[in-house]
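Data first, discussion second: the structure below is written as structure tokens.
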Amino acid sequence: MKNYHPWWQTGVIYQIYPRSFQDTTGNGVGDLPGIITRLDYLNEVLGVDTLWLSPFYPSPMADFGYDVADYTDVHPLFGTMQDFDRLVAEVHARGMHLVIDLVPNHTSEKHPWFLASRASRKNPRRDWYVWRDPKPDGGPPNNWLSVFGGSAWDLDKATGQYYLHSFLKEQPDLNWRNPEVKAAMFDVVRFWLERDVDGFRIDVAHFIMKDPEMRDNPPNLSGVAAHKSLGAYDSQVHLYDKGHANVHGIFRELRALLDAYSKARPRFSVGEIHVYDWGEWATYYGEALDELHMPFNFSLLKAEWNARDVRSMIDGLEAILPDGAWPNYVLGNHDETRLRSRYGPDQSRVAAMLLLTLRGTPTLYYGDELGMPEATIPPDKQQDPWGLRVPGLGRDGCRTPMPWDATPSGGFSTTSEPWLPIFSTEGCNVEEELSDPSSVLSLYRRLLAVRKSHPALQLGEYQPIDLAPRDCFVFVRKAESQTIMVALNFSADPRALRLPDGFARGRLLLSTFEDRTETDIDETLILHGNEGLLVAICPAPSVLA
Ligand code: NOJ
């Protein structure tokens, strides 16, 4: 079927952190019924179509749900399985799609699998996790580090062996080299597919396969780091503790499973994969595009925020993408500093335009559509275990409750003391921003509407324009007879912009500012400082002739 594009390519993904979206019980934690009450906002008001929910499963919450104690149930804090079924039905009734978080690398230490595994060396579940004897000096089996600080090994005194935990010690790593583990996790996938979810976001997908010899990681002498500094974790090159090539076989099998459930509509997978190298990143699509539908692309988080670096990240991605692979872009999530605080109030509007006009599926993080800044959390209110262990790396600041209105509880809850403080700067809430045409929310709404109504923006090819003014990134998106120019000024100064060669006239579709009045554009125009523009452009008559 030529030109067929499934929903996960045409749509926009919106990430909900369930704890912080909408509380309906007054306990200060968001829940699934709360999400249901906000579906009309998401679909009709904002205009997104795919929702990704961070974990809502039973969990001791050592890592706020990324430590799962039961993969096939709903934590009572978030509601019930009936609430989940209702959510799926309500999402589908609106023509939207639901993607849930799958956490395959580790369970909670309280998961019955781990309780059995640690009970004795002889337990049939022992080998479901990664157990090793101490070194002769009693120390950990190798030098691997936990992302969250310290050694990745914890000694279980009762049985005299160490178990591996790439994150908290409360999150023991599963042993994916044991076929029973794979079978059990694939049963989890089946369980949710049967409940009609549309796909999975796979937590630290590449971590599931490690070096079978468990060699020491080499020291990091070149200073290469992921997209942000991770403290002591960056002292090693993470060659052996994740991303072993055997992971690809697992993803091929997972893809076959998803495909088997794709008769009525395509089911989808997107992997959270942070790697150093583009080439390695691209392998996660699979040689025959038979692995993950997409590995999340975090490259923009790594780019210096200037026209040259941003363009080179995008061109780099376009160049490395395997034939037929679908790109995607991410500018924020529950692990990253809020984009408003990374780029400032003006450039975060330019960032919104970039994210929603690039070729590929964009992922939006809840609250970024309001321009929510990173919150400052008083020390006694901090929650994130990472931040509590490694000061400076905490993620609470991007996880505060969604401000729906200007009341003390922000319309998030009936309590004014939610799990993290309401942090909203003046006017930054849905109600007030909806009535302000110059608000960040109004900009996102316009951008999403223009994207939806223009095939060139949804599906068209991407062509960067070389002769862009200094500090500007200009590209066109093109589909059949439609060509749209995206012009982004990364500087605070105005810049004179010419339409690309061969184009004589343009019609302004959207500016990141509110005060643009002109609609017709001749060969040149002035791009204001910090402005982004979308212009539908028409070929010069000589080109048409
Ligand atoms: C990545 C998730 O995005 C993060 O929030 C979590 O803490 C770790 N994986 C561990 O599951």
Side-chain angles (χ1 to χ4, degrees), residues 13 15-21 52-71 75 99-111 114 129-130 144-150 152 154 164-174 176 185 188 200-210 226-228 230-231 233 238 241-243 247 269-275 284 292 294-298 301 328 330-338 363-367 374 382-390 393-400 419-420:
I13 302 176
Q15 181 191 357
I16 293 178
Y17 196 64
R19 294 184 78 82
S20 293
F21 202 59
W52 151 33
L53 303 191
S54 283
F56 50 79
Y57 314 108
S59 160
M61 299 289 170
D63 188 18
F64 294 105
Y66 284 95
D67 49 323
V68 179
D70 180 351
Y71 285 100
H75 194 302
V99 170
I100 62 174
D101 224 302
L102 181 72
V103 188
N105 179 64
H106 43 266
T107 67
S108 159
E109 59 168 351
K110 296 282 176 339
H111 194 294
F114 188 67
Y129 292 82
V130 185
W144 293 0
L145 296 172
S146 152
V147 176
F148 290 160
D154 208 59
L164 180 70
H165 57 89
S166 299
F167 293 86
L168 296 175
K169 72 174 176 37
E170 292 85 352
Q171 295 168 295
D173 282 33
L174 283 159
W176 273 79
M185 201 57 77
V188 170
F200 300 89
R201 174 266 186 188
I202 306 173
D203 189 61
V204 288
H206 55 317
F207 271 66
I208 63 174
M209 276 294 180
K210 293 105 168 121
H227 65 293
K228 65 177 176 187
L230 299 178
Y233 190 72
H238 293 277
D241 51 358
K242 54 186 169 190
V247 79
S269 57
V270 56
E272 184 204 18
I273 290 173
H274 287 285
V275 287
Y284 286 90
L292 300 178
M294 313 189 304
F296 263 139
N297 166 21
F298 300 109
L301 292 170
N328 75 92
V330 173
L331 275 180
N333 64 34
H334 64 294
D335 296 326
E336 305 298 333
T337 304
R338 286 260 176 209
T363 300
L364 294 184
Y365 182 50
Y366 89 93
E374 181 80 359
Q382 285 178 17
Q383 303 275 354
D384 181 22
W386 195 358
L388 295 173
R389 289 167 63 109
V390 190
L393 294 184
R395 299 162 294 179
D396 293 327
C398 66
R399 296 176 174 181
T400 54
W419 78 285
L420 278 175

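Indexing begins at 1, ligand by ligand and atom by atom, following the structure's order. Please read all numbers here as calculations on a predicted model, not as lab measurements.
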Show the atoms of ligand 1 that are less than 4.0 angstrom away from any heavy atom in [X].
X      : value
Asp335 : 1 (C), 2 (C), 3 (O), 4 (C), 5 (O)
His106 : 10 (C), 11 (O)
Tyr66  : 5 (O), 6 (C), 11 (O)
Arg395 : 4 (C), 5 (O), 6 (C), 7 (O)

query: Does a side-chain heavy-atom distance below 4.5 Å link His165 with Phe148?
result: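 Contact flag for His165/Phe148 side chains = no.
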message: Whether the side chain of Ser59 engages the backbone of Asp67 through a donor-acceptor N/O pair (distance < 3.5 Å, no angle test) should be reported.
response: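 Looks like yes, one N/O pair under 3.5 Å.
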Carboxylate-amine/guanidinium contact Lys242 Asp173, below 4.0 Å: no
message: Less than 4.0 angstrom from a charged side-chain N to a carboxylate O is my criterion; do Lys210 and Asp241 meet it?
response: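 A salt bridge is absent here (no side-chain N lies under 4.0 Å from a carboxylate O).
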query: Can you list the steps and then say if Trp419 with Ser20 is a side chain to side chain donor-acceptor pair (under 3.5 Å)?
result: CA-CA 8 Å; Trp419 78 285; Ser20 293; 3.1 Å; yes
message: Centroid separation under 6.0 Å, is that true for the rings of His111 and Tyr71?
response: yes
field: Protein heavy atom at shortest distance from atom 9 (N) of ligand 1
entry: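 Among all protein heavy atoms, the one nearest atom 9 (N) of ligand 1 is Asp203 OD1, 2.9 Å.
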message: For atom 6 (C) of ligand 1, what is the closest protein heavy atom, and at what distance to 0.1 Å?
response: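 That would be Asp63 OD2, 3.3 Å.
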Record the part of [X] in heavy-atom contact with ligand 1 below 4.0 Å; permitted values are side chain, backbone, both and neither.
X      : answer
His274 : neither
Arg399 : side chain
Phe148 : side chain

message: Under 3.5 Å, is there a donor on one side chain and an acceptor on the other for His334 and Tyr66?
response: yes
